[in-house]
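Single-structure report; data block below.
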Amino acid sequence: MTDTQPRRRVVVLHTGGTLGMVRDAAGAYAPRAGALATALTRLPELDDPRLPSVRLEEFDELLDSSDVRPGDWQRIADRVAAAFCGADGGPPPADGVVVLHGTDTMAYSASALAFLLQGLPGPVVLTGSQLPLVEVRSDGHDNLVTSLLLAATPGWAEVAVYLGGGLLRGCRSTKVSTSGFDAFASPNLPPLAEVGVDVTWRHDLLRPPAGGPLRVGRLADVGVVALRLFPGITADTLRNVLRDPVRGLVLETYGSGNAPSRDAELLAVLRAAVERGVVVVNVTQCLRGGVQMGAYAAGRALAEAGVVSGGDLTAEAALAKLLVLLSRGDDPRTVADAMARDLAGELTPAAPA
Ligand code: ASP
């Protein structure tokens, strides 16, 4: 950027998470109001004109992301939209938004934002850290500064996750390490940008800006659950999980989408749920690859019971997508069809047969 160009503007939404935490009386990390703002005053580089100008907005209730619920996804989406739109007499619209968020459920929130925010005018980068900014070895400093630069970069408009080296599409990301600074992976899509000495963008992967007005989807109180299959699971367990008012199930299956096929009662429970309008989506427990229900008889049985393929969706993206789609009030068939279609870059379309 040359000196003649105006400084880009980034709004930082602080929702909680380790980056802004301090130790509580018992010595455990916990969020504390105002702690991040104080820590940022000790970062003189935030005044460097090579960085965008920053406006910090702290949420009223700062959360460990283990406490984040769909209502919080809605609040974050609304605040992102407000940051991009600006308001009469208020601060000018942002060019990009950084969302500070705990890493534990960041992949769920990033996925939900990708489906809730349509027609984004600029980038939204979720970041956090494994060690709080107040710790001397914190990874939060690089994550924050780099996320600010990425969010200020013109020409892209997606929800992404940045932690320790790679800018990942949010609805492809998953947390893979409790301790590494590169805590996230995007197993089925390369990073949108590799961040090292240089930032190397994969322009071929970036989704073209949607254009049109920014719209924010509304989440409703619909029952969506996730269940990871395990050897020995019974029809009764599944029946209990699928009780009313559940309207959607993300079923985490084995390998390329397989489930016990010799348990007729288990399959009957699934079929009955689909028949009464529950959308059941098949995603794999494997980190890489996706579901192909025709590959094995054990997978075909699920397809015959009316289970839809989630392709190479992550379990996090599947849950968020199902909730967003069911919240629109569409009938189960329409939701099931949309689950199999790529809406926000979250899945690789199946090759034509
Ligand atoms: N428990 C924390 C959270 O998700 C972990 C982190 O931020 O890395 O809020």
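In this chain, numbering begins with 1 at the start of the sequence shown.
What you find for S256 and A295 is that their closest heavy atoms are OG-CB, 4.1 Å. Residues P52 and L148 come closest through the heavy atom pair CG-O, 3.6 Å. Shortest non-hydrogen contact noted between D263 and A235 is OD2-N, 4.4 Å. Minimum heavy-atom separation, G164 to D182: O-CB, 3.6 Å.
Taking OG1 of T127 as the start and NE2 of H101 as the end, the distance is 11.5 Å to the nearest 0.5 Å. Here the CD-CG distance, from E158 to L205, works out to 9.0 Å after rounding to the nearest 0.5 Å. The structure places OG of S53 at 5.5 Å from CZ of R7, a figure rounded to the nearest 0.5 Å. Distance check, rounded to the nearest 0.5 Å: OG1 of T18 to CD of Q130 gives 7.0 Å. From L189, atom CG reaches atom CG of D312 across 8.5 Å, with rounding to the nearest 0.5 Å. In this structure, R137 CZ and F181 CZ are separated by 4.5 Å, a value rounded to the nearest 0.5 Å.
A donor-acceptor pair under 3.5 Å is formed between the side chain of R172 and the backbone N or O of G345. For the pair N258 (side chain) and G299 (backbone), a donor-acceptor distance under 3.5 Å is present. Looking only at distances, no side-chain donor or acceptor of D331 sits under 3.5 Å from a matching main-chain atom of V335. Between the side chain of T284 and the backbone N or O of V291, no donor-acceptor pair lies under 3.5 Å. Between the side chain of T146 and the main chain of D142, a donor-acceptor pair closer than 3.5 Å is present. Panel note: side chain K321, backbone C171; no donor-acceptor pair is recorded below 3.5 Å. Between the side chain of Y162 and the main chain of G165, a donor-acceptor pair closer than 3.5 Å is present. The closest donor-acceptor contact from the side chain of D95 to the backbone of R9 lies under 3.5 Å. Side-chain atoms of E252 do not come within 3.5 Å of backbone N or O of Q285 as any donor-acceptor pair.
Electrostatic pairing of R50 and D48 counts as a salt bridge here, judged by a charged N lying under 4.0 Å from a carboxylate O. A salt bridge links R75 with D72: the closest approach of a Lys/Arg side-chain nitrogen to an acidic carboxylate oxygen falls below 4.0 angstrom.
By the 4.5 Å heavy-atom criterion applied to side chains, V324 and W73 are not counted as neighbours. Residues T153 and P123 have side chains not in contact (no heavy-atom distance under 4.5 Å, counting atoms from C-beta outward). In this structure the side chain of M21 reaches within 4.5 angstrom of the side chain of P31, judged on heavy atoms. With a 4.5 Å cut-off on side-chain heavy atoms, L133 and H141 count as touching. Considering only heavy atoms from C-beta on, T314 stays 4.5 Å or farther from V283 through its side chain. The shortest distance between side-chain heavy atoms of R23 and E135 falls below 4.5 Å.
Under the 4.5 Å side-chain heavy-atom criterion for grouping Ile, Leu, Val, Met, Phe, Trp and Tyr, L163 is connected to I76 within one hydrophobic cluster. Linking Ile, Leu, Val, Met, Phe, Trp and Tyr whenever their side-chain heavy atoms come within less than 4.5 Å leaves M339 and L270 in two separate clusters. With hydrophobic clusters built from ILVMFWY side chains whose heavy atoms lie under 4.5 angstrom apart, V241 shares a cluster with L302.
No hydrogens or angles considered: nothing links the side chains of T41 and T38 as a donor-acceptor pair under 3.5 Å. If you check the side chains of N282 and T253, you find a donor sitting under 3.5 Å from an acceptor.
In this view, E275 and R271 satisfy the side chain to side chain contact (heavy atoms under 4.5 Å, CB included) rule, not counting sequence neighbours. Checked against side chain to side chain contact (heavy atoms under 4.5 Å, CB included), A107 has the following partners two or more places apart in sequence or in another chain: S173, F184, E316.
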Which side-chain N or O atoms in residues 217-230 pair as donor and acceptor under 3.5 Å with protein atoms at least two apart or in another chain?
unit_1	atom_1	unit_2	atom_2	d
R218	NH1	D78	OD1	3.0
R218	NH2	D78	OD2	3.1

Let me check something: any side-chain donor-acceptor pairs from residues 54-65 under 3.5 Å, sequence neighbours excluded? List them with distances.
unit_1	atom_1	unit_2	atom_2	d
R55	NH2	E57	OE2	2.8
E57	OE1	R79	NE	3.3
E57	OE1	R79	NH2	3.1
E58	OE1	G34	N	3.4
E58	OE2	G34	N	3.0
D64	OD1	S66	N	3.0
D64	OD1	S66	OG	2.7
S65	OG	G102	O	3.4
S65	OG	D104	N	3.2
S65	OG	T105	N	3.0
S65	OG	T105	OG1	3.4

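Residue pairs meeting the side chain to side chain donor-acceptor pair (under 3.5 Å) criterion with at least one member in residues 184-213, sequence neighbours excluded, are R202-D204. Sorted pairs that involve residues 27-45 and meet salt bridge (Lys or Arg N to Asp or Glu O under 4.0 Å), not counting sequence neighbours, are lacking altogether.
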Go through it in stages, so that I can follow the logic: the residues are N143 and S129, the test is side chain to side chain donor-acceptor pair (under 3.5 Å), and I'd like the CA-CA distance, side-chain angles, deciding distance and then a yes or no. CA-CA 7 Å; N143 288 344; S129 63; 5.5 Å; no
